[in-house]
S.K.: 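I'd like to ask you about the structure that follows.
Note on naming: letters A, B, ... go to the chains in the order of the sequence lines (proteins, then strands), and numbering restarts at 1 for each one.
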2 protein chains.
Amino acid sequence: MNKIDIKYLAKELNLAISTVSRALRDSHEISAATKAKVFALAEQLNYEPNPNASGLRGQKTKMIAVVIPDMVNDFFSLVISGIEKITQSKGYHILLYFTHGDHELEVSFIKTLASGRVDGVLLSMSSENNNRHYLGELEKKGIPLVMFDRVCDTLQHGVKVTSDNYESAIIATRHLVDAGCKKIAYLQVPKNISVGKVRMQGYLDALKKHSFQTAPLVLESTNDNEETFEALKQMLLREKPDGIFASIEKLAVICYRVCEKIRLKIPEDIKVISFSNLQTASLLNPSLTTITQPAFDIGETAANELFNLINKKDKSLAVERNVVLKSRLVKGRSTARY
Amino acid sequence: MNKIDIKYLAKELNLAISTVSRALRDSHEISAATKAKVFALAEQLNYEPNPNASGLRGQKTKMIAVVIPDMVNDFFSLVISGIEKITQSKGYHILLYFTHGDHELEVSFIKTLASGRVDGVLLSMSSENNNRHYLGELEKKGIPLVMFDRVCDTLQHGVKVTSDNYESAIIATRHLVDAGCKKIAYLQVPKNISVGKVRMQGYLDALKKHSFQTAPLVLESTNDNEETFEALKQMLLREKPDGIFASIEKLAVICYRVCEKIRLKIPEDIKVISFSNLQTASLLNPSLTTITQPAFDIGETAANELFNLINKKDKSLAVERNVVLKSRLVKGRSTARY
DNA sequence: GATATTTACGGAAACGTTTCCGTGAATTTG
DNA sequence: CAAATTCACGGAAACGTTTCCGTAAATATC
């Protein structure tokens with residue numbers, strides 16, 4: 001029942017505390033014989049260093065924070081899996097935070113994280129139109145930050161990992177055009193987040209370049225699914241588009257339900273494509289054509305970028321770096337020519 | 001650029017360190033006037049207490065660990081969301097670990113967690129047939145443990161949160177019988193984990209009681225999806241069951257793919273039911289009948305149970321407690337009578 | 001009005017590490 | 001072989017809190 005700490009090991013081995021500490025960290029100023037003895041006893045007694053003590057002394061916690069909106073779709077699950085692969089290999093730990101799209105909560109998380117709880121932060125922002133002054137707190141304390149997917153486009157410096165949303169949106173829109181669509185609607189994400197804006201810009205530009213459609217047709221959704229369901233139903237009945245481009249997975253799912261409700265057949269009456277990482281997209285009725293982001297890869301890349309910052313000697317965070325990964329088009333029956 | 005710690009606040013206010021500390025913790029032995037001053041300055045300077053220091057001193061970290069196999073399906077995402085709701089409200093932090101089904105990794109996680117990194121552990125085991133001696137490390141250090149879903153059935157003491165797997169398996173099997181199935185196959189999870197065993201027992205007992213089927217038909221799957229795909233294909237071709245009961249979601253997905261491959265129509269040729277938390281189950285082709293576990297609720301409950309242990313005065317962990325939550329049957333077209 | 005209690009605060013120890021500084025002994029150097 | 005360096009380790013400070021113990025003044029008790 002005795003707590004086994006370095007002091008206990010030292011007493012047991014008739015060594016000084018400092019010697020034991022150095023031995024455990026494999027210091028060169030300790031003889032091989034002594035090291036062996038220390039390792040053996042540590043192993044035998046199942047010694048584990050106290051992370052608070054080393055964290056307090058050395059100012060490094062071996063922990064990183066992952067701050068994301070939530071985990072309602074497969075995208076963030078995959079990102080986290082990618083992050084975990086890296087942290088695992090580096091012996092780091094993951095602290096997980098959900099902002100639930102609440103900007104205030106995000107600010108409060110970041111502020112507490114700036115107190116030395118973690119060595120670095122991975123962030124996918126809940127809303128990007130707010131002020132971003134709070135991110136400065138991290139910088140002030142020298143805690144590296146890497147943003148991914150939902151990044152802050154007005155922030156110049158910093159490392160950002162995203163996917164090619166603009167190009168993918170063009171590809172998606174053109175895919176609908178090629179499938180024969182004459183009137184394509186775009187379902188916009190609730191919040192005014194940058195990925196939504198960029199994707200919509202791709203849709204708009206692609207319409208101009210590749211389609212005969214005169215005016216864009218955009219439905220702004222809300223966070224209330226029922227509300228969005230109704231709005232979409234009205235829009236489909238009124239405007240009768242023959243193609244739907246959903247900017248996020250949830251909207252495609254709602255779209256499927258609306259089509260079922262008002263007896264619109266996919267892909268015969270209307271074709272659907274969506275940004276999505278749904279692993280069962282190919283099993284849907286009909287199988288959903290998706291733009292699939294490299295979610296796992298985004299996680300891995302963001303984590304690697306963060307560790308680069310953490311291990312950097314000089315803490316000049318003035319680096320600016322944009323890593324853009326490629327999404328891919330996965331064709332399903334929802335956009336098939338019939 | 002000055003680090004703002006308690007010492008700095010104290011100097012600034014001409015107070016002792018101890019006074020500032022007590023004021024911040026709203027101690028009764030500090031006058032209202034002094035508290036106000038301290039709070040004001042702390043607010044103004046954005047003071048955040050150093051978690052390592054308080055953790056080291058007070059032996060409480062305000063963190064809990066969540067150890068799960070992985071996040072490849074929606075079940076664990078939902079569980080974590082439930083956990084997060086509780087930790088969030090208690091001001092706690094979540095450390096997330098994936099064992100990837102590797103028992104050795106799980107042991108090593110638990111061992112390092114026993115060093116005082118967290119105040120409690122939530123665990124869903126990767127494999128339950130191995131020795132469980134390592135769990136004693138936590139108990140020895142007085143760190144509470146709550147197991148959920150994949151619990152250790154041979155461990156007598158401890159708190160466990162599960163769902164009614166046995167009863168649900170009976171309901172699922174009977175549902176297939178009621179749908180007209182004469183030959184029902186059971187797809188067993190790869191590892192010999194307790195949920196799998198319990199569910200299979202429900203299947204076996206239900207067969208005896210509710211069906212005319214003479215012999216059970218069980219396919220043991222492996223972690224290799226391709227291998228399982230082939231095995232299932234052979235089994236379907238050879239045995240020609242007219243009902244499939246998948247013990248986990250992944251097996252249902254594989255089943256769908258196999259049926260597509262060998263042109264078996266669901267539900268006309270074969271009916272399928274599965275344990276699953278897939279949020280798009282109703283959108284599959286055909287919509288999948290599921291036994292849906294109360295995943296979010298499991299997370300909430302497990303977290304609440306853990307906090308009960310953490311806040312318990314006497315650390316006698318001898319409590320034994322089994323919380324069982326109800327799953328529900330969600331009917332889809334995959335088991336429809338035609 | 002002398003003693004007991006409460007109030008409000010200060011000083012210092014303690015939590016378990018890491019690391020700076022020091023120091024004899026052993027080894028190398030010129 | 002004296003001086004310089006290296007080797008292998010010990011002592012103690014420091015990280016930022018929390019809390020035990022002490023204490024002077026203020027208030028309460030009989």
S.K.: Using a 4.0 Å heavy-atom cut-off, does B:Arg22 contact any base of the nucleic acid, only the sugar-phosphate backbone, or nothing at all?
M.R.: base
S.K.: Taking the minimum atom-to-atom distance to the side chain of B:Tyr47, which one of C:dT17, D:dC9, D:dT17 wins?
M.R.: D:dT17
S.K.: For B:Ser21, report the nucleic acid contact type (base, sugar-phosphate, nothing); a contact means any heavy atom under 4.0 Å.
M.R.: base
S.K.: Using atom CD of B:Glu29 as one end and atom C1' of D:dC20 as the other, report the distance to the nearest whole Å.
M.R.: 10 Å
S.K.: Could you state the CG-C1' distance from A:Leu56 to C:dA14, rounded to the nearest angstrom?
M.R.: 12 Å
S.K.: B:Ser54 near the nucleic acid: base, sugar-phosphate alone, or nothing, with a heavy-atom cut-off under 4.0 Å?
M.R.: sugar-phosphate
S.K.: Rounded to whole angstrom units, what separation is found between the CZ atom of A:Arg117 and the P atom of D:dG16?
M.R.: 16 Å
S.K.: For the pair A:Tyr97 and A:Phe109, name the ring-plane relationship: parallel under 30°, tilted 30 to 60°, perpendicular over 60°.
M.R.: tilted
S.K.: Looking at C:dG10, D:dG16, C:dA8, which one has an atom nearest to any side-chain atom of B:Thr19?
M.R.: C:dG10
S.K.: Closer to the 5' end of DNA chain D via nearest nucleotide, is it B:Ile17 or A:Lys35?
M.R.: A:Lys35
S.K.: Please report the shortest heavy-atom distance between B:Asp102 and B:Glu104, naming the atom on each side.
M.R.: OD1-N, 2.9 Å
S.K.: Which nucleotide, C:dC15, D:dT19, C:dT19, lies nearest any side-chain atom of A:Arg25?
M.R.: C:dT19
S.K.: Just wondering, more than 12 heavy atoms not from B:Glu29 lying within 6.0 Å of its CD?
M.R.: yes
S.K.: What nucleotide, of C:dT18, C:dC15, D:dG10, holds the atom closest to the side chain of B:Arg57?
M.R.: C:dC15
S.K.: Among C:dT18, C:dG16, D:dG10, which nucleotide sits nearest the side chain of A:Asn50?
M.R.: C:dG16
S.K.: Would you classify B:Pro51 as touching base, sugar-phosphate or nothing, given that sugar-phosphate means primed atoms plus P, OP1 and OP2, and contacts are heavy atoms under 4.0 Å?
M.R.: nothing
S.K.: Specify the separation, in whole Å, of atom CD1 of A:Ile6 and atom P of D:dG11.
M.R.: 15 Å
S.K.: Indicate, with a heavy-atom threshold strictly under 4.0 Å, whether B:Ser18 touches base, sugar-phosphate, or nothing.
M.R.: base
